[in-house]
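Numbering starts at 1 and runs along the sequence shown. All values derive from a computational prediction rather than experimental measurement.
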Amino acid sequence: QVQLVESGGGLVQTGGSLRLSCEASTSTFNSYAMAWFRQAPRTEREFVAAITYSAGNTFYDDSVKGRFTISRDNAKNTVYLQMNSLKPEDTANYYCAADVAMGSPHYKDYRQWDFWGQGTQVTVSS
């Protein structure tokens, strides 16, 4: 079992930046691929970004490519999401996810990921 705790959400103006953090309680953090998803009210949870266990590869949804950066520090059991040039449409509850198989076979499908945090709210004002 892996417990995930997100932090770093908040209210920011359009064009601003935030950095989300997700700390995992496991001694085998470097065995898990990690991802960020987000969910706005009355919408389905959607993929934002993912990173392999060794940080050798990263993946992004087209809507955030070039603005968001996912990274991880295996020594700190933490994955990050640096969000720049934020837009009102980025407003959502952001969730951290972990999975040994990186959500295989479809990593963009939230139902393929095994462990989830409680979420952190990001609100971008126009």
Side-chain angles (χ1 to χ4, degrees):
Q1 193 75 7
V2 179
Q3 291 187 324
L4 304 172
V5 179
E6 302 98 333
S7 61
L11 174 64
V12 65
Q13 290 185 332
T14 297
S17 298
L18 282 174
R19 188 175 84 152
L20 306 184
S21 300
C22 171
E23 185 172 357
S25 61
T26 172
S27 60
T28 58
F29 179 70
N30 58 6
S31 298
Y32 290 87
M34 302 296 296
W36 289 95
F37 287 75
R38 64 187 180 187
Q39 188 170 19
R42 298 174 297 281
T43 67
E44 193 165 76
R45 194 166 296 190
E46 64 177 16
F47 172 78
V48 175
I51 187 167
T52 54
Y53 67 94
S54 64
N57 289 291
T58 55
F59 305 86
Y60 298 93
D61 184 76
D62 287 346
S63 65
V64 306
K65 204 171 291 184
R67 299 188 298 122
F68 291 10
T69 302
I70 188 171
S71 62
R72 66 189 295 161
D73 184 339
N74 287 345
K76 295 182 177 180
N77 280 16
T78 301
V79 63
Y80 305 97
L81 185 68
Q82 177 66 44
M83 305 186 295
N84 298 328
S85 302
L86 282 161
K87 306 174 181 180
E89 50 263 44
D90 295 318
T91 295
N93 206 6
Y94 282 70
Y95 296 90
C96 174
D99 188 75
V100 172
M102 196 176 159
S104 179
H106 305 295
Y107 66 87
K108 291 187 177 182
D109 183 350
Y110 70 91
R111 292 164 292 190
Q112 304 295 330
W113 292 77
D114 282 342
F115 303 105
W116 292 89
Q118 82 290 347
T120 185
Q121 178 67 35
V122 171
T123 303
V124 184
S125 64
S126 57

**Student:** Do you know the tightest heavy-atom contact between M83 and V122?
**Tutor:** CE-CG2, 3.8 Å
**Student:** Any ion pair linking K87 and D90 (charged N to carboxylate O, less than 4.0 Å)?
**Tutor:** no
**Student:** Measuring from atom OG1 of T120 to atom CZ of R38, what distance do you get when rounded to the nearest 0.5 angstrom?
**Tutor:** 14.0 Å
**Student:** Answer yes or no: is there a donor N or O on one side and an acceptor on the other, between the side chain of N77 and the main chain of T26, under 3.5 Å?
**Tutor:** yes
**Student:** Using the test side-chain contact (heavy atoms from CB on, under 4.5 Å), find all partners of A33 that sit at least two apart in sequence or belong to another chain.
**Tutor:** M102, W113
**Student:** Please identify each residue that fulfils ring-ring contact (aromatic ring centres under 6.0 Å, His included) with Y107, with sequence neighbours left out.
**Tutor:** F47, F59
**Student:** Kindly write out the residues that satisfy side chain to side chain donor-acceptor pair (under 3.5 Å) with R42, not counting sequence neighbours, or none if the list is empty.
**Tutor:** none
**Student:** Tell me if the CD atom of Q3 is crowded by more than 12 foreign heavy atoms within 6.0 Å.
**Tutor:** no
**Student:** Measure across D73 and F29 and return the closest heavy-atom pair with its distance rounded to 0.1 Å.
**Tutor:** O-CE2, 4.1 Å
**Student:** Give, for atom CG of D61 and atom NZ of K108, the distance between the pair rounded to the nearest 0.5 Å.
**Tutor:** 5.5 Å
**Student:** The test is side chain to side chain contact (heavy atoms under 4.5 Å, CB included); show your working for L81 and T69 and say whether it passes.
**Tutor:** CA-CA 6 Å; L81 185 68; T69 302; over 6 Å; no
**Student:** Could you list all the ring-ring contact (aromatic ring centres under 6.0 Å, His included) pairs where at least one residue sits in residues 64-104, not counting sequence neighbours?
**Tutor:** none
**Student:** Rounded to the nearest 0.5 Å, what separation is found between the CD atom of Q121 and the CD atom of E6?
**Tutor:** 12.0 Å
**Student:** Is there side-chain contact between C96 and W36, with at least one heavy-atom pair below 4.5 Å?
**Tutor:** yes
**Student:** Sequence neighbours left out, cut at 3.5 Å: what donor-acceptor pairs do the side chains of residues 9-17 make with other protein atoms?
**Tutor:**
| from | atom 1 | to | atom 2 | distance (Å) |
| --- | --- | --- | --- | --- |
| T14 | OG1 | S125 | O | 2.7 |
| S17 | OG | N84 | OD1 | 2.9 |

**Student:** Output the distance between atom OG1 (T78) and atom CG (L20), rounded to the nearest 0.5 Å.
**Tutor:** 12.5 Å
**Student:** How close do Y32 and V100 get, counting heavy atoms only, and between which atoms?
**Tutor:** CE2-CG2, 3.4 Å
**Student:** Closest approach of L86 and L18, non-hydrogen atoms and distance?
**Tutor:** CD1-N, 3.9 Å
**Student:** For residues 50-60, which residue pairs pass the side chain to side chain donor-acceptor pair (under 3.5 Å) check, not counting sequence neighbours?
**Tutor:** none
**Student:** From S25 OG over to E23 CD, what is the distance, rounded to the nearest 0.5 angstrom?
**Tutor:** 8.5 Å
**Student:** Looking only at heavy atoms, what is the nearest atom pair of M34 and R72, with distance?
**Tutor:** CG-NH1, 3.7 Å
**Student:** Search all heavy atoms of C22 against all heavy atoms of L4 and return the closest pair with its distance.
**Tutor:** SG-CB, 3.8 Å
